[in-house]
Amino acid sequence: MQQLLYIEIPTPQVAAVKTWLQSEYQIPFGKKSVAKHGFILDRQNRSGAIAQLSVFIWTLQRTTYLKVFRWTDEVMDGEKEFLEHFTKAVRQAFPYEFKQPPAIAPNQSIFEALAEEYPLTVKFFQQIPNGEYDLNRVYWWEKRWRESVKSPKTSKQVIFEDSQANSVKPDVIYDIVYLGGALGAIHAAMMAKLGYRVCLVERIPFGRMNREWNISRAEFQNLIDFGLFTKEEFELMITAEYVDGFNKFFDSNNPPHLKAKVLHTPTVLNIAIDTNRLLEICSKKLHQYGAVICDRTEFQKVVINDNGATIFAKNLETDAEVILNSRLVIDAMGSASAIAQQLNAGQAFDSVCPTVGAVLEGIDKHVWDSQYGDVLFSHGDISRGRQLIWELFPAEKDELTIYLFHYHQVHPENAGSLLEMYEDFFTILPEYRRCDMEKLTWKKATFGYITGHYSLNEDSKKCAFDRILAIGDAASLQSPLVFTGFGSLVRNLPRLATLLDTALKHDLLRADDLSQINAYQSNIAVTWLFSKGMMVPTGMHLPPERVNSMLNTFFGLLADEPQPVSDRFIKDRLSWLMFNRLALIAAFKNPKLILWIIEMAGTKDLLKWLSSYGAFTRSSFANALLGGWMPQLIRSCQALLEPSTPRLWLRLLSWSYALNYSVGKSVD
């Protein structure tokens, strides 16, 4: 018996596929006999011997998989031609389909609108506290994301310039207005502590989060050392601390040399943060330092002039117009940011991870020990053009936070659907972790679009405009692997806050000045080719096991390395020598790896990556020559340079940080 074909049929309708195989598909030759899960093809060869092929299907991850085996030792005459004919017929009968969310009629509830297309999503959201509100948020976010990627060259204009004085003069003029209250709240608390007049604008009730955050103690220590939080406050935020984290990818269909053992990462994302408590502490600090929070308020537009910025928003409870004047606007609106889209002509993001999940309780302790987490895990191959990946983190008491996501190419026809992902999540969770869905207690929905951008260098993405600066997911300069904007903010807040403090002190708020304040790291930019290898280009049919083969290649070699190596890689502390050594080992272990990446990324993106690699090489060379002494020398000149040439000082200070941050030396 020999396997001849393995393909994924991108539909959850396995019964329809079975009917088509047995009744509708016309074989080009031979005799077809119906079998339980497909059919048997017999043909008498010219030699007189009977050759037989077995075609069968099964379902996993809400998709259909098909294999063809040669059931006899005899090779069938025309076997290759049959496989080509059969594959083409399957593709034509079951093409990729990219569904749009159903419209919601006036006075129709979200549950009524989605019940037919997404029955399990509706069923379980009805069991989640505030589930109707959260499902409306999922729907809103998907619609907003789809609109932003549908016509990228005609992004909505929300930034306007006016050389005249502001037509509206509010009584209060702020130093900084933050748009977005999750990552924005942490950043705002730091700047308010430094003495700036801060206002935070948030579309939803402040303190509500549709994401949970994980971090390590060493990384969060950054914020404690910088003075934003105390050790006692940090301990109050911790809901769980697990012993070990696992990284394992499905390898049943991988060849033996591409199977991999479990990669253990005990100090990666092993601290679960209670986001409600974190934001509550931030709220107290904001009020303590005199900041103002405008929640349930939606940003509309911002008008920039020589004197400042005027922000126009709407209170969603009263429909009243809200007008704020500020010296600076911080865009912390994440993937929903219309500002980021306009600044980058609709091309703010190159990749996205549609992410869904929940905080839940009720999984049997014999199935999962809450002392452990899944950092990255897959339980199947490519599913409907996506490689689905799970994350599982212990939460408070017996609760678990579970995510399902995939790396996705930003594409106008195939934006990436949160609703489809949620239907997947509620369907296949028992496949991932054996559980009775009816016995689970649902605590909270977690979801969002986690964006990425393939930065050629520190200037390839616009994160600043006159009096506007983007941070977090809106800036989209964070790691493409496992960290979201939270991890990037924690690692970079000391330099971002210090640089912003310098800019505000000297009124250096033009675009070219604010561009010096960003979280770019050349060692992160160079790893985007890795994430590119985790996403299936829209419309491309890859061997279903392809992404898992690539992941097992790399994570397998990390599992063979000392634990500090994988820790540095996943925490964005990768050095030039380490990157090159690991890349060479991976290429030696799997010579096809480079060809696979070229097939998935394309020549154009490969050339872009070479530019990123060049920037990483230059940064590493500069760090080797200057990183040990130049930052200290520059800071020793502060008293001389800052008063007389503040703009030069800002640039030198930014460069001194970049010397070490860019090669991952910011956290020890």
Side-chain angles (χ1 to χ4, degrees), residues 157-181 183-203 206 282-333 337-339 342-343 463-471 474 496-517 642 646-647 650:
Q157 184 176 5
V158 293
I159 304 172
F160 298 86
E161 295 183 84
D162 184 358
S163 59
Q164 304 300 315
N166 292 347
S167 58
V168 180
K169 290 286 187 181
D171 295 333
V172 179
I173 298 179
Y174 297 99
D175 292 306
I176 314 172
V177 169
Y178 285 83
L179 305 176
L183 295 178
I186 303 172
H187 200 285
M190 187 67 245
M191 299 311 295
K193 185 177 187 295
L194 294 176
Y196 292 100
R197 295 163 297 175
V198 168
C199 178
L200 188 145
V201 177
E202 172 64 294
R203 186 180 186 275
F206 182 80
C282 285
S283 175
K284 290 178 180 178
K285 290 181 181 291
L286 287 166
H287 287 114
Q288 176 187 344
Y289 302 131
V292 175
I293 297 174
C294 298
D295 64 352
R296 299 175 177 86
T297 302
E298 185 171 39
F299 166 72
Q300 304 286 312
K301 66 177 181 179
V302 57
V303 179
I304 305 296
N305 60 45
D306 294 338
N307 301 317
T310 302
I311 299 95
F312 294 85
K314 181 177 72 172
N315 186 294
L316 297 178
E317 289 187 307
T318 65
D319 279 338
E321 186 177 46
V322 177
I323 301 173
L324 305 166
N325 245 25
S326 180
R327 295 173 60 203
L328 176 68
V329 177
I330 299 287
D331 174 14
M333 293 185 289
S337 171
I339 287 178
Q342 183 180 337
L343 287 182
C463 298
F465 190 79
D466 289 352
R467 299 189 180 274
I468 298 175
L469 177 66
I471 64 170
L496 295 179
T498 302
L499 290 169
L500 185 56
D501 181 38
T502 303
L504 285 164
K505 280 181 180 177
H506 302 288
D507 204 34
L508 300 173
L509 303 177
R510 308 293 293 183
D512 56 344
D513 296 316
L514 293 174
S515 295
Q516 306 300 314
I517 308 169
E642 186 173 8
R647 179 166 279 107
L650 177 64

Check whether any side-chain N or O of [X] sits under 3.5 Å from a backbone N or O of [Y] as a donor-acceptor pair, and report yes or no.
X    : Y    : result
R467 : I304 : no
D507 : L509 : no
Y178 : L183 : no

Applying side chain to side chain contact (heavy atoms under 4.5 Å, CB included), run through L500 and H187 and close with a yes or a no.
-> CA-CA 11 Å; L500 185 56; H187 200 285; 3.6 Å; yes
Output the distance between atom SG (C199) and atom CG (L286), rounded to the nearest 0.5 Å.
->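 Spacing of SG (C199) from CG (L286) equals 10.0 Å.
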Out of curiosity, L504 CG to D513 CG, how far, rounded to the nearest 0.5 Å?
->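 Those atoms lie 11.0 Å apart.
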Could you point out which residue of D175, I176, L328 forms a side chain to side chain contact (heavy atoms under 4.5 Å, CB included) with M191?
->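 Output: one option passes, namely I176.
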If you look at every heavy atom in [X] and [Y], which pair is closest and at what distance?
X    : Y    : value
G181 : L200 : CA-CD2, 3.6 Å
I517 : L469 : O-CD1, 3.5 Å
I339 : I159 : CG2-CD1, 4.0 Å
K505 : Y196 : CG-OH, 3.5 Å
T297 : A313 : CG2-CB, 3.6 Å
S283 : I293 : OG-CD1, 3.9 Å

Please name all residues satisfying side chain to side chain donor-acceptor pair (under 3.5 Å) with Y289, sequence neighbours left out, ordered by chain then number.
->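 Checked Y289 against side chain to side chain donor-acceptor pair (under 3.5 Å); zero matches.
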Could I get the full list of side chain to side chain donor-acceptor pair (under 3.5 Å) partners for D466, not counting sequence neighbours?
-> R510
Side chain to side chain contact (heavy atoms under 4.5 Å, CB included) evaluation trace for Q300 with E321 = CA-CA 10 Å; Q300 304 286 312; E321 186 177 46; over 6 Å; no
What residues, two or more places apart in sequence or in another chain, satisfy side-chain contact (heavy atoms from CB on, under 4.5 Å) together with A338?
->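 With neighbours one apart ignored, the set is R144, V158.
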Salt bridge (Lys or Arg N to Asp or Glu O under 4.0 Å) partners for R203, two or more places apart =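 Applying salt bridge (Lys or Arg N to Asp or Glu O under 4.0 Å) to R203 gives E298.
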Excluding sequence neighbours, so at least two apart, what forms salt bridge (Lys or Arg N to Asp or Glu O under 4.0 Å) with K301?
-> none
Passes side chain to side chain contact (heavy atoms under 4.5 Å, CB included), R647 versus H506? Steps please.
-> CA-CA 8 Å; R647 179 166 279 107; H506 302 288; over 6 Å; no
Would you check, one step at a time, whether the test side chain to side chain contact (heavy atoms under 4.5 Å, CB included) holds for I468 with L514?
-> CA-CA 8 Å; I468 298 175; L514 293 174; 5.7 Å; no
Pairwise salt bridge (Lys or Arg N to Asp or Glu O under 4.0 Å) hits with a residue in residues 282-296, at least two apart =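 Residue pairs with at least one partner in residues 282-296: E233-K285, E280-K284, R296-E317.
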Is there a side-chain contact between L179 and I311, using heavy atoms and a 4.5 Å cut-off?
->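 The answer is yes; the side chains approach within 4.5 Å.
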